[in-house]
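The next block holds one structure in the form of structure tokens; read it before the comments.
None of the values given here were measured: they were computed from a predicted structure.
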Amino acid sequence: MKKNILLLLLSVICFVSLSQPLTVKAQEQSPDNEFRVGLEASYAPFNWTQTSPDNGAVPIFGEEGSAYAGGYDVQIAKKIADGLGKELVIVKVQWDGLVPALQSGTIDAVIAGMSPTEERREQIDFTDAYYESDLVVVTRKDSPFADARNLSDLSNAKITAQQSTFHYTVIDQIPDVQKEQAMKDFSAMRTSLASGVIDGYVSERPEGITATGANPDLTMVEFDEGEGFQTNPEDVQVAIGMRQGDPDLERINEIIATISEDERTELMDTAIKEQPAAVEEVPDGETAESDSDEGLLSDFRNILDEYGILFLRGTGLTLFIAVFSTIVGLLIGLLIGIFRSLPSAENPFSRFLQKLVHGLLTIYIEVFRGTPMIVQAMVIYYGTALAFGVSMNRTVAALLIVSINTGAYMSEIVRGGIFAVDKGQTEAAQAIGMTHGQTMIKVVLPQVMRNILPATGNEIIINIKDTAVLSVISVADLFFQGTTAAGTNYQYFQTFTIVGVIYLVLTISATQLLRLVERKMDGPSEYAMLDELNPEE
């Protein structure tokens with residue numbers, strides 16, 4: 001049985017090693033010959049993810065060979081990198097992580113459709129604008145607000161925008177608006193809009209064109225001149241974010257100045273046409289049929305054909321993180337459980353150290369059991385980079401975060417398992433001269449392992465699902481890849497149905513495997529007597 005389990009673990013590790021060839025590559029400070037650009041790769045037409053290098057797309061760092069970034073931002077980034085004489089490297093980062101990633105040195109610049117607002121200027125510097133756009137509101141065609149021409153026409157509408165953007169602040173200019181909670185990204189807003197949770201969201205015109213082109217049920221509200229949102233020039237501008245005091249800022253401004261307005265317009269028009277969700281033009285008199293007309297099965301097949309490799313890599317990474325972290329967490333829990341079961345030392349100094357370590361372990365357990373993993377991920381990954389200048393690889397950070405979080409829970413599970421062992425067995429072991437270590441290893445722990453096996457299996461299942469929160473530090477797990485695909489193809493129901501089925505397969509498989517292990521450890525339900533096995537004797 002042990003050989004089978006070992007073989008399974010080795011298979012998982014080999015699978016992840018093959019599907020994630022560069023995931024564990026050290027993510028050190030950007031080399032001098034590279035220009036590392038951070039973007040979401042899910043904000044078409046400014047940036048998106050695709051699975052081929054077509055139309056000048058650039059490989060995404062850590063996902064070379066299977067994922068590429070395209071869009072207006074990528075084309076601008078290529079011109080900047082060429083002007084600097086450096087190699088362009090695209091790093092996919094969630095929106096909330098862009099500024100921390102820039103400040104920590106993980107990336108050299110943010111080229112992600114970011115506006116140079118005053119709040120952001122307090123944290124980072126910005127170049128001159130490389131694009132300027134009007135604000136619009138995306139709503140449903142059947143909405144009573146679809147024909148709005150001024151802000152007053154949107155009265156009583158439920159409107160939202162992406163969090164940490166100035167788009168959310170301008171909503172207050174709408175009279176009697178029902179301002180909804182800001183949302184994480186455009187994928188979440190488009191889904192909420194399509195399902196009727198909101199009446200619309202604030203966006204920029206290029207994104208509005210993308211959304212309405214990909215989904216015929218949506219429309220874009222463009223206001224009459226002087227009747228729209230009142231904004232400052234920098235609010236509707238898009239600029240490149242740089243670290244404060246970056247010496248390359250002026251050189252990049254010089255490069256931006258060489259890109260004419262006509263060239264910028266041409267680049268944006270091309271990006272709108274080339275984006276994966278773009279609607280193909282048809283000859284006059286003919287009707288274009290959407291993919292939805294072919295049925296859900298066709299949609300599922302197309303999504304798997306286009307993004308199947310990304311889902312496969314995400315599944316491998318999710319499984320690897322969950323299994324590895326559960327094993328490490330179990331070892332942490334066992335060590336803590338054994339230490340906390342030690343009898344009090346007779347030496348006063350040793351007894352003081354024992355209490356000190358016990359106190360530190362209690363703090364560790366309470367902190368990691370009492371705070372959400374998503375907060376721990378932000379603090380450990382971005383906090384260590386900002387405070388100590390340590391830029392960790394995302395996969396290494398994910399393994400560390402989930403392992404120590406699991407260890408905190410497992411320590412309490414192990415403690416309960418130790419208390420569940422009859423005290424008389426410990427006393428009997430000591431009576432025959434066994435030390436505390438021998439008693440724990442040969443008598444207590446074997447029983448503890450069987451007692452805590454169901455809880456350990458539950459932790460594996462929890463970890464399979466909880467890796468989804470690691471998307472906040474842009475770990476390319478299954479959920480992150482699903483979000484990327486949905487943000488590009490706009491087929492949210494179909495994409496996340498596929499992702500949900502994959503998660504279900506993983507958890508059911510893990511459950512069945514653990515039940516098999518339990519049966520093997522328990523042995524046969526009925527035991528034959530020795531004389532029944534050897535009747536002739």
Do Arg36 and Glu87 meet the salt-bridge criterion of a basic N to acidic O distance under 4.0 Å? no
Salt bridge (Lys or Arg N to Asp or Glu O under 4.0 Å) for Glu40 and Lys92? Distances and angles first, verdict last. CA-CA 5 Å; Glu40 293 175 282; Lys92 186 189 292 187; over 6 Å; no
With a 6.0 Å cut-off (strictly less than), is the heavy-atom count around CD of Glu222, excluding the residue itself, greater than 12? yes
Quick one about Gln376 and Thr371 (side-chain donor to acceptor, distance below 3.5 Å, no hydrogens or angles considered), yes or no? yes
Between Tyr131 and Glu261: side-chain donor-acceptor atoms closer than 3.5 Å: no
Do Gln163 and Asp96 have side-chain atoms, one donor and one acceptor, less than 3.5 Å apart? yes
Run the salt-bridge test on Arg243 and Asp125 with the 4.0 Å N-O cut-off and return the result as yes or no. no
Phe229 vs Phe223, ring pair (Phe, Tyr, Trp, His ring centres under 6.0 Å): CA-CA, chis, key distance, verdict: CA-CA 9 Å; Phe229 296 107; Phe223 303 101; 5.5 Å; yes
Would you kindly say whether Ser115 and Gln237 are connected by a side-chain donor-acceptor distance under 3.5 Å? no
What I want to check is whether the side chains of Thr160 and Gln181 have a donor and an acceptor closer together than 3.5 Å. no
Between Tyr492 and Phe496, ring centroids under 6.0 Å: no
Candidate pair Val89 and Phe35, rule side chain to side chain contact (heavy atoms under 4.5 Å, CB included), full reasoning: CA-CA 6 Å; Val89 176; Phe35 181 56; over 6 Å; no
Set of salt bridge (Lys or Arg N to Asp or Glu O under 4.0 Å) partners for Glu118, sequence neighbours left out: none
Under 3.5 Å, side chain of Gln75 to main-chain N/O of Met268, donor-acceptor pair present? no
Parallel, tilted or perpendicular for Phe324 and Phe320, by the 30°/60° rule? tilted
Can you list the residues that meet the salt bridge (Lys or Arg N to Asp or Glu O under 4.0 Å) rule with Glu132, with sequence neighbours excluded? none
Is it true that Asp248 and Lys86 have a side-chain N and a carboxylate O under 4.0 angstrom from each other? yes
Which of Glu204, Glu207, Gln162 passes side-chain hydrogen bond (donor to acceptor under 3.5 Å, both in side chains) with Tyr43? Answer is Glu204
Residue pair Arg140 / Thr219, side-chain donor-acceptor N/O under 3.5 Å: no
Looking only at the side chains, is there a donor atom on one of Thr406 and Asn463 sitting less than 3.5 Å from an acceptor on the other? yes
Any side-chain donor-acceptor pair under 3.5 Å between Tyr130 and Asp73? yes
Report the C-alpha distance between Gln103 and Val99 in whole Å, list the side-chain angles of each, state the deciding distance to 0.1 Å, and finish with yes or no for side chain to side chain contact (heavy atoms under 4.5 Å, CB included). CA-CA 6 Å; Gln103 293 174 323; Val99 172; 3.8 Å; yes
